[in-house]
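One structure is given below, encoded as structure tokens.
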2 protein chains.
Amino acid sequence: MTVHDKILTSFHRSTVFDPKIVHRPAGDAPTYFAAGAEIYAQGEKCGGLYTVEFGAVRVYRLLADGRRQISAFHLAGEMFGFETDVTHHFFAEALCATGIRIQRTTLLHGDLAGALLPMALQSLVRAQEHLLVLGRQNATERVAAFLLDMSDRQGGLRTIELPMARADIGDYLGLSIETVSRVFSRLRQKDVIRLPNLRGVEIVKRQALEDLAA
Amino acid sequence: MTVHDKILTSFHRSTVFDPKIVHRPAGDAPTYFAAGAEIYAQGEKCGGLYTVEFGAVRVYRLLADGRRQISAFHLAGEMFGFETDVTHHFFAEALCATGIRIQRTTLLHGDLAGALLPMALQSLVRAQEHLLVLGRQNATERVAAFLLDMSDRQGGLRTIELPMARADIGDYLGLSIETVSRVFSRLRQKDVIRLPNLRGVEIVKRQALEDLAA
DNA sequence: CGGCAATTTGAAGGCGCTCAAAAGTAGTGG
DNA sequence: CCACTACTTTTGAGCGCCTTCAAATTGCCG
């Protein structure tokens, strides 16, 4: 039992689980999840690998006292669910209406592993870059890096629709929701971004964001 | 070019490079590095995978202004150097006298990849657990988790010899060296640990550390 | 329009950082 | 062996960024 497993032994879910699953077919066909629906939970047996067909996913861990760290968001086309153990060490939930293709991979070696290694390494690099953000950047830098990352992963669009709430962004960036909101407001005041909807973000001055992210 | 690559374009090494390499044979034989010696640098062409035979290694990234984030320490028996690109995105340096076995892997698929996937996933899980520490734990919790991790990875020994300086611990945990030192002192005052040497740590009350790490 | 949740904004306080200096450690050479 | 130097670690004081607590505002959906 590792340090972090120990941390989580006393965990209990804070809200009652409501699956909200519209349709879960057998085999490799996509499964549909409503916003907030659980895809898998810590301690569950690993079911394989997951590919986001549409929508978005948050993957996170919890501390015993309820503090949450979202280790990654996964958007359409991305793969997640890599684990070293037979049971999940993380929770995965849909951020919005989401379609997931589940590949049941009992054997993780041979040619299949050869195809998976690049995907796993992609996740590793993302996690390592996120370590730099969490370890050494201030609130403004974190939010700027986050917005640029989200934009890049949606094709570098000028206007993006965030699939997650402020609370999710905070738990991803290691900040309180109030601080996230304050940074958004400050960026809006400086005309670096515009906030047309609650979830929409228009990047007005990309260069300014990039300067801030450093 | 990603956000983080951009961040690092203006990077320059802060100290003059002194290889201090005693012996670097060809092929798969181990290479020896003195304390502080560079194993590879950001931007260099990837040479393959690296296995620590003895000693210890730090892998890190830098921001343009010199802030450093150590993404991982690697001890004897551990493998590192996984990259998605043809060039390194990180720096790797020996923390002390260290022997490294370099496997030159031109093809990262097939059975070889099958053997590598578990190692890569191990790195991924470590990075994700570290995200929880950096994102959601305070200074005391971070140091406690670090000490337990170091102890566990050295066989759960009661007394361990840290191969790294306070500055390295700080850059790993996202803290200043002063804060790391203060937490060490506080743990010593509470008789949770003892500090026989500058680098030595004796874990007197493991349970207390585990309670703190949560 | 009314009600609920999410977001925003404000005020006060705390944790960790920066700056600074003292104490301890190691390495070198006389 | 000891003196000298350079570096690391420790300790102190003050400050600033972010958090917490609280309340106002906005947005959304019936």
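Protein chains get the first letters and strands the later ones, always in sequence-line order, with residue 1 at the start of each. In this text, all values refer to a predicted model and were calculated from it rather than measured experimentally.
- As a whole-Å value, the separation of A:Arg136 CZ from C:dC17 P is 7 Å.
- Using a 4.0 Å cut-off, some side-chain N or O of B:Ser185 falls inside it from OP1 or OP2 of D:dT11.
- Here B:Arg166 reaches the OP1 or OP2 of D:dT10: one of its side-chain N or O atoms lies under 4.0 Å away.
- No contact: B:Gly170 has no heavy atom under 4.0 Å from any strand.
- Per the geometry, CD belonging to B:Gln137 stands 16 Å off C1' belonging to C:dG16, to the nearest Å.
- Taking the six-membered ring where tryptophan is involved, the planes of A:Phe80 and A:Tyr50 are essentially parallel, since the angle between them stays under 30° and well short of 60°.
- Whole-Å rounding puts the B:Asn197 CG to D:dT9 C1' distance at 14 Å.
- Note: A:Tyr60 and A:Phe91 have parallel aromatic rings, judged against thresholds of 30 and 60 degrees for the angle between ring planes.
- Closest heavy-atom contact between A:Gly55 and A:Thr98: CA-OG1, 3.6 Å.
- Counting heavy atoms from C-beta on, the side chains of A:Gln137 and B:Gln69 never come closer than 4.5 Å.
- With DNA chain D read from its 5' end, the first of the two nearest nucleotides for B:Thr179 and A:Val180 is the one closest to B:Thr179.
- One atom, CD of A:Glu178, and another, P of C:dG10, lie 14 Å apart when rounded to the nearest Å.
- For A:Leu162 and D:dG27, the CG to C1' distance is 16 Å, given to the nearest whole Å.
- Residue contacts shown for B:Asn138 are limited to sugar-phosphate atoms, with no base heavy atom under 4.0 Å away.
- At the heavy-atom level, A:Leu175 lies under 4.0 Å from the strands shown only through sugar-phosphate atoms.
- For the pair A:Ser71 (side chain) and A:Val59 (backbone), a donor-acceptor distance under 3.5 Å is present.
- Between A:Arg188 and C:dT9 there is a side-chain N or O to OP1 or OP2 distance below 4.0 Å.
- Among C:dT7, D:dG12, D:dT19, the nucleotide with an atom closest to any side-chain atom of A:Ala165 is C:dT7.
- The interatomic distance linking A:Leu198 (CG) with D:dT25 (C1') rounds to 12 Å, in whole Å.
- Between A:Ser181 and B:Arg182, the one whose closest nucleotide on DNA chain C sits nearer the 5' end is A:Ser181.
- Between the CD1 atom of A:Ile177 and the C1' atom of C:dT8 there is a distance of 10 Å, given to the nearest Å.
- One can place CE of A:Met164 at 16 Å from P of C:dA6, the figure rounded to the nearest angstrom.
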